Amino acid sequence: QVQLVESGGGSVQPGESLRLSCAASGSIFSIDGMGWYRQAPGKEREFVADITSGGSPGIADSVKGRFTIFRDGAKNTVALQMNSLKPEDTAVYYCKAIRVRSAIGGPYDYWGQGTQVTVSS
């Protein structure tokens, strides 16, 4: 079974920073990509950032220049460095492992349980 565990969420003031981390565990053979999505109250889940196994990142326009995604492929971990946070960044942030091949088959996508980020003065 593949599991994703996120950490690093919390409450901050506008302009401050947070770093989210996500670790994938289980009998994993390979992961094509890892990424972050977010869902604000009353809104649909939206793409934030992702990164391929080769290290190529994709960043949503709404966070470009403020958020950076990092991946440690050897450890199946991904991190999201969030700087200059704004109130509109408030959401539950979800980690996603994309096209995972593991002992139970695949490729499948997997989601973490989510971590809350609140930006408020």
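None of the values given here were measured: they were computed from a predicted structure.
The structure places CG of Leu20 at 13.0 Å from OH of Tyr94, a figure rounded to the nearest 0.5 Å. Put simply, CG on Asp50 and OG1 on Thr52 are 8.0 Å apart, with the number rounded to the nearest 0.5 Å. Atom CD1 of Ile51 is separated from atom CZ of Phe70 by 8.5 Å, given to the nearest 0.5 angstrom.
Contact annotation: the side chain of Val117 approaches that of Met82 to within less than 4.5 Å [non-hydrogen atoms, C-beta and beyond]. Thr68 is not listed as a side-chain neighbour of Leu80, based on a closest heavy-atom distance of 4.5 Å or more. Taking the side chain as every heavy atom from C-beta outward, Val92 and Thr115 never approach each other to under 4.5 Å. Counting only heavy atoms from C-beta outward, the side chains of Pro14 and Pro87 approach each other to under 4.5 Å. Residues Ser84 and Arg66 meet the side-chain proximity criterion, which asks for heavy atoms closer than 4.5 Å. Ser17 places a side-chain heavy atom less than 4.5 Å from the side chain of Gln81. Using a 4.5 Å cut-off on side-chain heavy atoms (C-beta onward), Asp72 and Val78 make no contact. You'll find the side chain of Asp109 stays beyond 4.5 Å of the side chain of Val100, heavy atoms only.
Every side-chain hydrogen bond (donor to acceptor under 3.5 Å, both in side chains) that Thr118 has, sequence neighbours left out, goes to Gln116.
Residues Ala49 and Ile59 share a closest heavy-atom pair of CB-CD1, 3.5 Å. When all heavy atoms of Leu4 and Tyr110 are compared, the closest pair comes out as CD1-O, 3.3 Å.
Ile104 and Ile28 fall within a single hydrophobic cluster, where Ile, Leu, Val, Met, Phe, Trp and Tyr side chains are chained together by heavy-atom contacts under 4.5 Å. Hydrophobic clustering of Ile, Leu, Val, Met, Phe, Trp and Tyr side chains at less than 4.5 Å, counting indirect connections, unites Val12 with Val63.
In this structure, Glu44 places its CD atom where only 12 or fewer heavy-atom neighbours from other residues, nucleotides or ligands lie under 6.0 Å away. Shown here is Lys75, whose NZ atom has no more than 12 heavy atoms of other residues, nucleotides or ligands within 6.0 Å.
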Steps toward side chain to side chain contact (heavy atoms under 4.5 Å, CB included) verdict (Leu85, Phe67): CA-CA 9 Å; Leu85 283 161; Phe67 291 12; 3.8 Å; yes
Under 3.5 Å, sequence neighbours excluded: what are the donor-acceptor pairs made by side chains of residues 31-42?
unit_1	atom_1	unit_2	atom_2	d
Asp32	OD1	Arg101	NH1	3.2
Asp32	OD2	Arg99	NE	3.0
Arg38	NE	Glu46	OE2	2.7
Arg38	NH1	Asp89	OD1	3.0
Arg38	NH1	Tyr93	OH	2.9
Arg38	NH2	Glu46	OE2	3.2
Gln39	NE2	Lys43	O	3.1

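Pairs engaging residues 65-121 under the disulfide (SG to SG under 2.5 Å) rule: Cys22-Cys95 [sequence neighbours left out].
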